[in-house]
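Working notes, structure below.
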Amino acid sequence: MAFSLGFHIIFAAIGMTMPFFMSAAHWLYLKRGDEDCLRLTKMWMKGVAILFAVGAVSGTVLSFELGLLWPGFMRHAGAIFGMPFSWEGTAFFLEAVAIGLFLYGWGRMNRWVHWATGLVVGLSGFASGVFVVAANAWMNAPAGFDWVDGQAINVDPVAAMFNRAWLHQSLHMQLAALQAVGFAVGGIHAVLWLRGRAPGLNLKAFKIAMTFGAAAAIAQPFAGHFAGQRVAELQPAKLAAMEGHFVTGTRAPLYIGGIPDVESRTMRWGVPLPGLLSFVAHDDFDAEVIGLDRFPEEDWPPVVVVHVAFQIMVAIGTVMAALGVLFFLFWRKGRFPRWFLWLLGGAIPLGMIAIEAGWVVTEVGRQPWIIYGIMRTEDSVTPVPGMVYHFWLFLVLYVSLALTTVWLLRRQIMAAQDERGRSSGGGAS
Amino acid sequence: MIDVLIFFIGASLLLYVLLGGSDYGAGIIELLPAGRLREKQKHVINEAMGPVWEANHMWLILIVVILFMGFPVIFTTLMVALHLPMLALLLGIVVRGAAFTFRHYDAIQDAGSQRVYTWLFGLSSLWTAVWLGIIAASLNRGIIDPEAAGIWEAYVAPWWGPYPLAVGVFVACIFVFLAGIYLIAETTDEGLARRFRRVAAVANCLVIASGGLVFAASLGERESLPAAFLESPARWGTVVLATLLFVVLWASVARRRGWLTRVIAGGQVGLILAGWLLLYAPNAVTTAAGPLSFYEQAAPEATLRQLVLALLIGSAFIFPSLWFLLRVFKMGRPER
């Protein structure tokens, strides 16, 4: 399941942001009649088609896996946090219809209606993302029921959906998707431009994708700060593990780097910035920050994993925000220096790594709970034996799917670079 | 509330079998030898399925979502006892969707990779159809036992045996039949249309034969189908009516009434589905300890209310957009 999710999160992130790039290019074409933008729209459209299909089937697997792997969890949780899923299903359905209309609708309807169907693909995909993250947020901040003697009573699915974590998690995740995909797509086109391939096309692609990516990257630190404060309030153990904060205290230091040593309860090789953790968590340099010592050790998440993953995420986020600012500066000056474009080429995978790291923080940081403070992960897992095989089956399946997808997208991009490239793709072209 | 949900489950099931089913059937048809019509057939199937297959697939997801939000106990019981067939089903769904999309959108359409995609698409369509049937057959055999200790009793016995397999074959035949009927009016090529008519005719015979096989195989079950069907006229009536409609269907095919033919075939499959549901309603699953009824295993009222609300509002968006999809791609084709 963890693996399926780790895979799905990347595909979903690309699947819910690419349609926006596509719509932007399509809009530019319709407004200005720019042929490059038309080719760009069609190229991205094919990417969206492939990714949506893979995202849709891996999403199907996930909806089943909830029950296949976590029956103990679903038996209680299904009725409580199913609501975002029912909305997600609706949004997903709409997206599937819209994508059919957009992909095959060239020349078959009013062109602005056609453009709008492309936008609906993006909007409904984005809504799906918000709903799914809201469901995950409920696991971090359970709400909408009373837990009495191992049974949930007084179920209120609306309160469960709009739990205390849904807003910050959704905001953080949606920005992350825009930023990661914007940088990845922008970076790829930057490199292609540097290599002198179809310069007009690649420069426009680069600008469109990076506009989304850079804007999101600049907004992200603020969203991240908001998320950090909510976590400090809702899940102090997670925050403590993220920061390697063992002992409760005022004027708590924020560490840059470092490996937490669980045995001696200290942070090794980290650079402490006194009082900054207190400020980040509570807007006050002297505030008290709860440390891991307030929790029994069996309730600790794996501190090292969470801390390292968190550091990776923050480091990447900082670099990306800086690159985002540079992007807008250079754009205003009218040209992008080559070193900057190469740098962005190097940043292609960064956002994806940060998404996976952030996901590790939120999931591993919640352990040993599956529903925070209510149900432990070990009590929810399926009794079916031989889950190792399940794991390997899906590992092999997903790795081959991922490799095929990357290979196909590569072929797509290469074909589009060729000015007189064979424009294949059956009915779409 | 529960009745509304049962209605949604039934409707989604019907639409999934009809729409999704013909997509699976199209994949199976591509496995059959086609000679020089192969490329043309591939093109027609791409065009016919491309815009709609993802929407068609959503009906299954809708059923899963309704089950796990509205009837979590039924959902988890199924997912534990039928873990293995569900896995097989998922494997098929993933491979099929991926192979179909990859085939269509591969930028370089060389013969080698196209052959692999087609082969994977066809094989996984057949595989998924058979497992769908196996799962459907396993729901109410009364062998599912949440208390069972042994691996065999708990995880294999519920779906093992000739009866589920026969239902699997039956479902695959129905899907091929639906696809054949559906595709006849999707092409303007006379040779290809003739081929689809022939496929539909053979599948028609196979549906009747494998239907007989299902009845025969069920004699070894705790409750045999012939006995169960004869209990009420509504039950056997649906089966008889579905069979009789074959005559009307072929009259309509002969007159080249594309849409009428589709509606009749859809009605036949709907009748079979209804007959099957009538056998067990309102029970979703029958375990060794007794049936799990939708009425007794529902989630709390507040949850059901929200679920129904989501479904109704969702329908207000989905149905108009589906209609638009249909109008853009499926209307105004030559009748055939």
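Note that the coordinates shown come from a computational prediction; the quantities given were computed from them, not determined experimentally. A, B, ... follow the sequence lines: proteins, then strands. Residue 1 opens every chain.
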Worksheet item: A:A53, A:G100, A:A91, A:S400: which one forms the most heavy-atom pairs within less than 4.5 Å of chain B?
Response: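 Winner by heavy-atom pair count: A:G100.
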
Practice prompt. For chain B, find which of A:T404, A:V54, A:V120 contributes the most heavy-atom pairs closer than 4.5 angstrom.
Written response: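 Among A:T404, A:V54, A:V120, the one with the most close pairs to chain B is A:T404.
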
Fill in: Among the listed options B:L309, B:I313, B:T76, B:L67, the residue most often paired with chain A at heavy-atom distances under 4.5 Å
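Highest number of heavy-atom pairs under 4.5 Å: B:T76.
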
Practice prompt. Please say whether more than 12 non-hydrogen atoms of neighbouring residues, nucleotides or ligands are located less than 6.0 Å from CH2 in A:W407.
Written response: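 Yes.
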
Practice prompt. Assess whether atom CZ of B:R38 is packed by more than 12 heavy atoms of other residues, nucleotides or ligands within 6.0 Å.
Written response: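 Counting neighbours around CZ of B:R38, more than 12 heavy atoms of other residues, nucleotides or ligands fall under 6.0 Å, so yes.
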
Discussion item. Quick check on the 6.0 Å ring-centre criterion: do B:F324 and A:H114 meet it?
Written reply: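 So the answer is no for these two rings.
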
Region of [X] in contact with chain A, defined by heavy-atom distances below 4.5 Å:
X     : value
B:I74 : neither
B:I61 : side chain
B:V64 : side chain
B:F75 : side chain

Can you tell me how far the [atom1] atom of [X] sits from the [atom2] atom of [Y], to the nearest 0.5 Å?
X      : Y      : atom1 : atom2 : value
A:K46  : B:T101 : NZ    : OG1   : 14.0 Å
A:L103 : B:H104 : CG    : NE2   : 7.5 Å
B:M58  : A:T90  : CE    : OG1   : 11.0 Å

Could you check if a side-chain atom of [X] sits within less than 4.5 angstrom of a side-chain atom of [Y], using non-hydrogen atoms only?
X      : Y      : value
A:R411 : B:S113 : yes
A:L101 : B:P51  : no
A:W87  : B:V65  : no

Interchain contact, [X] with chain B, by part (heavy-atom threshold 4.5 Å):
X      : result
A:I99  : side chain
A:F102 : neither
A:V97  : both
A:I50  : both

Discussion item. To check you understand the geometry: which heavy-atom pair defines the closest contact between A:S86 and B:L307, and what is its length?
Written reply: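 So the two residues come closest at CB-CD1, 3.7 Å.
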
Worksheet entry | Nearest heavy atoms of B:N46 and A:Y104, plus distance in Å |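 Scanning both residues completely, I find the closest heavy atoms to be O-OH, 4.1 Å.
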
Output a table of donor-acceptor pairs, distance under 3.5 Å, between side-chain atoms of residues 84-91 of chain B and any protein atom two or more places apart or on a different chain; print 'none' if there are none.
none

Item to complete: Report the relative orientation of the aromatic rings in B:W59 and A:F93; use parallel for angles under 30°, tilted for 30 to 60°, perpendicular for over 60°.
Response: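 B:W59 vs A:F93 ring planes: perpendicular.
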
